[in-house]
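Sequence lines set the chain letters: A, B, ... in the order given, protein chains first and strands last, and positions in each chain run from 1. Excluded from the calculations below are hydrogen atoms, water molecules and symmetry mates; all remaining heavy atoms, backbone and side chain alike, are included.
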Protein chains: 2
Amino acid sequence: MILEKKKAFNEFAAAKGLRSTRQRDIILDFFLSTHQHVSVEELYLKIKASHPGIGHATVYRTLKLFTEAGLAREILLHDGQTRYEHALAGEHHDHLVCTGCNAIIEFEDETIEKLQKEIATRHGFMIRSHKLEIYGLCAECRAAQ
Amino acid sequence: MILEKKKAFNEFAAAKGLRSTRQRDIILDFFLSTHQHVSVEELYLKIKASHPGIGHATVYRTLKLFTEAGLAREILLHDGQTRYEHALAGEHHDHLVCTGCNAIIEFEDETIEKLQKEIATRHGFMIRSHKLEIYGLCAECRAAQ
DNA sequence: TATGCTTTTGATTTTCAATTTCAATTGTGT
DNA sequence: ACACAATTGAAATTGAAAATCAAAAGCATA
């Protein structure tokens, strides 16, 4: 899985004529070994602990590259921080976001995906990507109330 | 429709013990007369043209109030600007967002809504709100390519 | 209508994520 | 090793959003 993604990135880099750099390797390693939905700041701090030389800007830039390469996907929640989740081209999942404890539960639903395609077709729209987030309270937070 | 919303806001204000102010009236008028999906900045500039006294902060604060009152809903697209769309409690629609021309097409789909509820139930999750955005190219932008 | 208390306002400052800048560094083909 | 372009990172900049706080405005009461 991790190797698969590294390979995917290398292919993307090669196709785009990007150079292979120490920093990108490190950032990719860290990104792949974090939990889902890291914010840039969070990842930056993690990396900084063992690689103090790596700068803010590079982390931002590189995560944008991963997104272009299809390894990552940007998610905007409502706390003003951009997060990135793991992704592989083609695969997709959506989110239940708990507003109580900020937990994120992932799910997939083929029927919803299919309905989206139908809607798009009806409007002459060509889908590139989509995002479905359901906000509310998870089972634990409901119980705790 | 506009009166209905004004009434809704007045009721909300009364229930919360908020005062009725000239600024809030003006901002509500402008908000209700704009197209869907205004950014705060956009609305602020529109208002400023005829009411130069009204400040940035007030527009931000007031839009948050409208959201609390159920008249507006925050939407985060990928341009770093928070937008607000018109809403009435209970009503909901989702978006096709064209990455070519930034057009936003609204749609509603009962089946998708129903599937979301099922998914939530399956996870013991209580839905408060949700957001579905489909990104891609609209018919015009596809043709223009 | 005046009084006194409280909310609201708005100019300004602050914050903070994200981007830009640019000189120095590094990767890569020759 | 050389040359040249891409990349990096410290620092500055931008820009949205929130916080601050004295002044102004709303509102209940006399």
Task: side chain to side chain contact (heavy atoms under 4.5 Å, CB included) between His130(A) and Glu113(A), intermediate numbers included - done: CA-CA 9 Å; His130(A) 75 268; Glu113(A) 308 272 323; 3.2 Å; yes
Task: Sub-4.0 Å heavy-atom contacts from residues 49-57 of chain A onto DNA chain C, ordered by number - done: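 Ala57(A) - these, ordered by number, are the residues of the stretch whose heavy atoms sit under 4.0 Å from the strand.
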Open item on the list: Contact list please: residues 79-86 of chain A against DNA chain C, heavy atoms, distance less than 4.0 Å, in numerical order.
Closed with: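 Residues of residues 79-86 of chain A that come under 4.0 Å of DNA chain C are, in numerical order, Gly80(A), Gln81(A), Thr82(A).
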Open item on the list: Using OP1 and OP2 only, check whether a side-chain N or O of Lys64(A) sits under 4.0 Å from dT19(C).
Closed with: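 For dT19(C), OP1/OP2 do have a side-chain N/O of Lys64(A) under 4.0 Å.
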Open item on the list: Using OP1 and OP2 only, check whether a side-chain N or O of Arg61(A) sits under 4.0 Å from dT20(C).
Closed with: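 Negative; the distance criterion is not met.
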Interatomic distance where [atom1] belongs to [X] and [atom2] belongs to [N] [whole Å]:
X: Tyr60(B); N: dT12(C); atom1: OH; atom2: P; value: 17 Å
X: Gln23(B); N: dA11(C); atom1: CD; atom2: C1'; value: 14 Å
X: Asp25(A); N: dT26(C); atom1: CG; atom2: P; value: 15 Å
X: Arg19(B); N: dT9(C); atom1: CZ; atom2: P; value: 10 Å
X: Arg22(A); N: dT28(C); atom1: CZ; atom2: P; value: 13 Å
X: Tyr44(A); N: dT19(C); atom1: OH; atom2: P; value: 16 Å
X: Ile26(B); N: dG10(C); atom1: CD1; atom2: C1'; value: 14 Å

Open item on the list: With ring pair (Phe, Tyr, Trp, His ring centres under 6.0 Å) as the criterion, how do His93(B) and His95(B) come out once you've worked through the C-alpha distance, each side chain's angles and the decisive distance to 0.1 Å?
Closed with: CA-CA 7 Å; His93(B) 52 250; His95(B) 302 115; 5.5 Å; yes
Open item on the list: Quick check for you: to the nearest 0.5 Å, what is the distance between Gln116(B) atom CD and Asp109(A) atom CG?
Closed with: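 Those atoms lie 9.0 Å apart.
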Task: Nearest atoms (heavy-atom pairs only) where Phe66(A) meets Ile27(A) - done: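 Closest pair (atom of Phe66(A), atom of Ile27(A), distance): CE1-CG2, 3.9 Å.
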Task: Taking every non-hydrogen atom, the tightest pair across Lys131(A) and Tyr135(B) - done: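 Heavy atoms of Lys131(A) and Tyr135(B) come nearest at NZ-OH, 3.6 Å.
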Do [X] and [Y] come close enough that some side-chain heavy atom pair is under 4.5 Å?
X: Phe12(A); Y: Leu18(A); result: yes
X: Leu77(B); Y: Glu133(B); result: yes
X: Arg122(B); Y: Glu118(B); result: yes

TODO: Would you mind checking if Lys6(A) and Asp25(A) are paired as a salt bridge, meaning a charged N to carboxylate O distance below 4.0 Å?
DONE: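 No, no charged N to carboxylate O under 4.0 Å.
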Task: Where chain B begins and ends its contact with DNA chain D, read 5' to 3' at 4.0 Å from heavy atoms - done: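 With heavy atoms of chain B under 4.0 Å away, the range is dA16(D) to dC27(D).
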Task: Glu41(B) and its side-chain hydrogen bond (donor to acceptor under 3.5 Å, both in side chains) partner, picked from Gln81(B), His56(B), Lys46(B) - done: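 For Glu41(B), the side-chain hydrogen bond (donor to acceptor under 3.5 Å, both in side chains) check succeeds only for His56(B).
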Open item on the list: Using 30° and 60° as the class boundaries, would you call the ring planes of His123(A) and Phe107(B) parallel, tilted or perpendicular?
Closed with: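 Plane angle between 30° and 60°, so tilted.
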Open item on the list: By nearest heavy atom, map Gly17(A) and Val40(B) onto DNA chain D; which one lands nearer the 5' end?
Closed with: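 This one resolves to Gly17(A).
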Open item on the list: Once you apply a heavy-atom cut-off of 4.0 Å, does Thr58(B) come out as touching a base, just sugar-phosphate, or nothing?
Closed with: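 Base, at least one base heavy atom under 4.0 Å.
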